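Since the structure comes first, as structure tokens, the remarks are kept for the end.
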Amino acid sequence: MTDELSKILSDLPNTPGVYFHKNKKGKILYIGKAANLRNRVRQYFQKSRTRDPKTDALVKEIHTVEWREVETELDALFLEAELIRRYLPPYNILLRDDKSLSYVRVSIKSDHPTVTITRRPLDDRAEYLGPYYSAVTVRRALKALRKAFPYSTHVTAVPKRACLQAHLGLCPGLESSMTSIEDYRSNLRKLMKYLKAERKSLIRELEKEMKSLAKLSQFEKAAKIRNQLFALRHLSKQIVFSDSENLDISKDEGLHGLMTLLQLPTIPKRIEGYDISHMQGTDNVASMVVFKSGIPDKSSYRKFKLRIPGNDDFAHMNEALSRRLKPRNMQQWGKPDLILIDGGKGQLSAALKARNEAGESFPMIGLAKREEEIIVSKHSGVELSLSELSALNGYAVESDDFYTIRLAPNSHISK
């Protein structure tokens, strides 16, 4: 890294925005969005960070970094898409990894206009905005924008009366004449303007329209626009992509430290955690939580209604893992890189027995939450690095076939 680039990185702001990686000739190599420009851009140059070969090639070509600050994550999301479409940076295509792109479809010319997300634009007189790399992120953004610009999603069948979303102010309610088709289409044009990264001009337009309506004593219409402006100005509180923006620095170092401590071959991308709960020995349930790249993936969470009666944590943990590791679930959910067991030596041993019976060998550790201790079995396939543990200001107590590890409270792994 050159001194000039190091100086640029030190000047990065802690605000949302879009950044541009450029080569020596000033050509844009890559455009990305960030909820926190400083954290996101500096991640590219972390020595401890494990990167794929394509990203390594990008980093070697970066000569300078430029950025544009915006007010909200939504602004960054839509500005990034607009600029990628305009400049077509080579690494945005190369790093896409053949993922399908998403588009926002607005059927503004139809009798009942709708707003939906699709992966395949058609020649059907609808307006298509995008492309976007993450359908999940766009859905979140549209959900936030729906409070300012209500829209319909009734694609297959139009309801005969106002739907629940209409009563909540999220749908125009055309079927009950809650909104005229002209006003609804005007509203959709404003939404499309926001999606085209024209937020500032849209706000100026809304303010001008509100003042004109107020002068004409059309206070009800003016109040609706005032509410739209209020919703737009509070979009800065919406989390759209920062909770899944690769890894923040703390989580990045935490996963890397965990990989080194447990001598894992790679950073654990899919981590599963298991816990048992019951009501005084009845209604036993096992919960499975999933973290992908250090971020909770709530769509992958699962619960197992346990069949073994009574209050037996060891038997219940064994049953939960045995069911999780059935061939059907392994095929549908994939193989975990690391499993965390809520409990001590007994729970971990029961889980390891289920793993071994299933013929698997991925690493497992126990977490004794009360004392914030990590339990490692000598027969779990985990090779503990005592030198790394010492470097982390932690220590291990050896007893029988287990290590009990205590980390420093400020360790990134503990977070």
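Because the structure is a prediction, the values reported are computed rather than measured.
If you take CD1 on Ile271 and CD1 on Ile339, they are separated by 11.0 Å, rounding to the nearest 0.5 Å. To the nearest 0.5 Å, atoms OG1 (Thr118) and CG (Leu122) are separated by 6.5 Å. Taken from CG in Leu338 to CD1 in Ile267, the straight-line distance is 12.5 Å, to the nearest 0.5 Å. Tyr184 contributes atom OH, which lies 6.5 Å from atom CG of Leu174 (distance to the nearest 0.5 angstrom). Within the model, atoms SG of Cys171 and CE of Met178 stand 8.0 Å from one another, a figure rounded to the nearest 0.5 Å. The OG atom of Ser287 lies 5.5 Å from the NZ atom of Lys303; values are rounded to the nearest 0.5 Å.
Checking side-chain atoms of Tyr103 against main-chain N and O of Arg120 turns up no donor-acceptor pair under 3.5 Å. Checking side-chain atoms of Ser186 against main-chain N and O of Glu182 turns up no donor-acceptor pair under 3.5 Å. Although no hydrogens or angles enter the test, the distance criterion places a donor-acceptor pair under 3.5 Å between the side chain of Asn36 and the main chain of Arg38. Judged by distance alone, the side chain of Lys190 and the main-chain N or O of Leu206 form no donor-acceptor pair under 3.5 Å. Of the possible donor and acceptor atoms, one in the side chain of Asp337 sits under 3.5 Å from a partner among the backbone N and O of Arg270. For Arg105 (side chain) and Val115 (main-chain N/O), no donor-acceptor pair under 3.5 Å exists by modelled atom type. Formation of a donor-acceptor pair under 3.5 Å by the Asn318 side chain with backbone atoms of Ala350 is found in this model. Within the 3.5 Å criterion, the main-chain N or O of Leu352 finds a donor-acceptor partner in the side chain of Asn356. A donor-acceptor pair under 3.5 Å is absent between the side-chain atoms of Glu357 and the main chain of Ser322, judged by distance alone. A donor-acceptor distance shorter than 3.5 angstrom exists from the side chain of Gln228 to the backbone of Ala148, with no hydrogens or angles considered.
Between the side chains of Thr404 and Glu373, not a single donor N or O lies within less than 3.5 Å of an accepting N or O. In summary, the side chains of Ser152 and Thr114 do not present any donor paired with an acceptor at a separation below 3.5 Å, with no hydrogens or angles considered. Residues Thr72 and Asp75 bring a donor and an acceptor atom of their side chains to less than 3.5 Å of each other. At a cut-off of 3.5 Å, with distance as the only test, no side-chain donor of Thr64 or Lys24 sits close to an acceptor on the other residue. In the model, Tyr274 has no side-chain atom that pairs as donor or acceptor with a side-chain atom of Gln347 under 3.5 Å. Gln331 and Arg328 share no donor-acceptor pair across their side chains, judged by distance under 3.5 Å alone.
Within 6.0 Å of CD on Glu383 lie no more than 12 heavy atoms contributed by other residues, nucleotides or ligands. Within a 6.0 Å sphere centred on NZ of Lys208, heavy atoms belonging to other residues, nucleotides or ligands number 12 at most. Other residues, nucleotides and ligands place more than 12 heavy atoms under 6.0 Å from the CG atom of Asn14. Annotation for Asp111: atom CG does not count as buried by contact number, only 12 or fewer foreign heavy atoms lying within 6.0 Å. For Phe230, the CZ atom sits in a loose shell: 12 or fewer heavy atoms of surrounding residues, nucleotides or ligands are nearer than 6.0 Å. Applying the 6.0 Å contact sphere to CZ of Arg68 captures no more than 12 heavy atoms from other residues, nucleotides or ligands.
Smallest separation of non-hydrogen atoms from Ala126 and Ser107: CB-CA, 4.0 Å. Looking at every heavy atom in both residues, Leu29 comes nearest to Lys22 through CD1-C, 4.0 Å. Nearest approach of Arg324 to Met330, heavy atoms of both residues: NH1-SD, 3.4 Å. The two residues Ile341 and Leu321 have their closest heavy-atom pair at CD1-CD2, 4.1 Å. Summarising the geometry of Ile8 relative to Trp67, their closest heavy-atom pair is CG2-CZ3, 3.7 Å, with the distance given to 0.1 Å. Shown here for Ile31 and Glu80, the closest heavy-atom pair between the two residues is O-OE2, 3.8 Å.
The only member of Lys193, Lys200, Arg189 that meets salt bridge (Lys or Arg N to Asp or Glu O under 4.0 Å) when paired with Glu205 is Lys193.
Side-chain contact between Pro16 and Leu37 is absent, with no heavy atoms from C-beta onward closer than 4.5 Å. Using a 4.5 Å heavy-atom threshold, the side chains of Lys147 and Leu170 count as touching. Within the 4.5 Å cutoff, the side chain of Leu142 has heavy atoms near those of the Ile117 side chain. Annotation: side chain of His63 is not in contact with side chain of Leu5 (no heavy-atom distance under 4.5 Å). Within the 4.5 Å cutoff, the side chain of Ile375 has heavy atoms near those of the Phe402 side chain. Residues Ile108 and Met192 form a side-chain contact, since some pair of their non-hydrogen atoms from C-beta on lies under 4.5 Å apart.
Between Phe314 and His316, the ring centre distance reaches or exceeds 6.0 Å. Aromatic pair Tyr132/Phe78: ring centres closer than 6.0 Å.
Every residue meeting the side chain to side chain contact (heavy atoms under 4.5 Å, CB included) condition with Val376, not counting sequence neighbours, appears here in chain and number order: Leu262, Ile365, Ile374, Ser380, Val382, Tyr403, Ile405. Legend: residues meeting side-chain hydrogen bond (donor to acceptor under 3.5 Å, both in side chains) with Ser180, ordered by chain and number and at least two apart, are Asp183.
Both cation-pi conditions hold for Arg146 and Tyr151: the charged atom is under 6.0 angstrom from the six-membered ring centre and inside a 45 degree cone around its axis.
Salt-bridge annotation for Glu360 and Arg355: absent, with no side-chain N of the basic residue lying under 4.0 Å from a carboxylate O of the acidic one.
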task: Go through the steps to decide whether Lys221 and Glu209 satisfy the test salt bridge (charged side-chain N to carboxylate O under 4.0 Å, His left out), and finish with yes or no.
output: CA-CA 10 Å; Lys221 290 184 177 180; Glu209 187 177 351; over 6 Å; no
field: Stepwise salt bridge (charged side-chain N to carboxylate O under 4.0 Å, His left out) check, Glu319 with Arg323
entry: CA-CA 6 Å; Glu319 179 190 343; Arg323 289 167 60 181; 3.0 Å; yes
message: Does Ser300 form a side-chain contact (heavy atoms from CB on, under 4.5 Å) with Met288? I'd like the steps, not just the answer.
response: CA-CA 8 Å; Ser300 298; Met288 179 184 87; 5.6 Å; no
message: Ile62 vs Phe45, test: side-chain contact (heavy atoms from CB on, under 4.5 Å). Steps then yes/no.
response: CA-CA 10 Å; Ile62 296 173; Phe45 305 95; 4.0 Å; yes
Residues His21, Ile28; criterion side-chain contact (heavy atoms from CB on, under 4.5 Å); working and verdict: CA-CA 6 Å; His21 290 319; Ile28 297 176; over 6 Å; no
field: Pair Leu325-Phe362, side-chain contact (heavy atoms from CB on, under 4.5 Å): steps then yes or no
entry: CA-CA 11 Å; Leu325 300 178; Phe362 43 75; 3.4 Å; yes
- request: Quick one: do Asp3 and Lys7 satisfy salt bridge (charged side-chain N to carboxylate O under 4.0 Å, His left out)? Show the steps, please.
  value: CA-CA 6 Å; Asp3 293 339; Lys7 174 67 168 58; over 6 Å; no
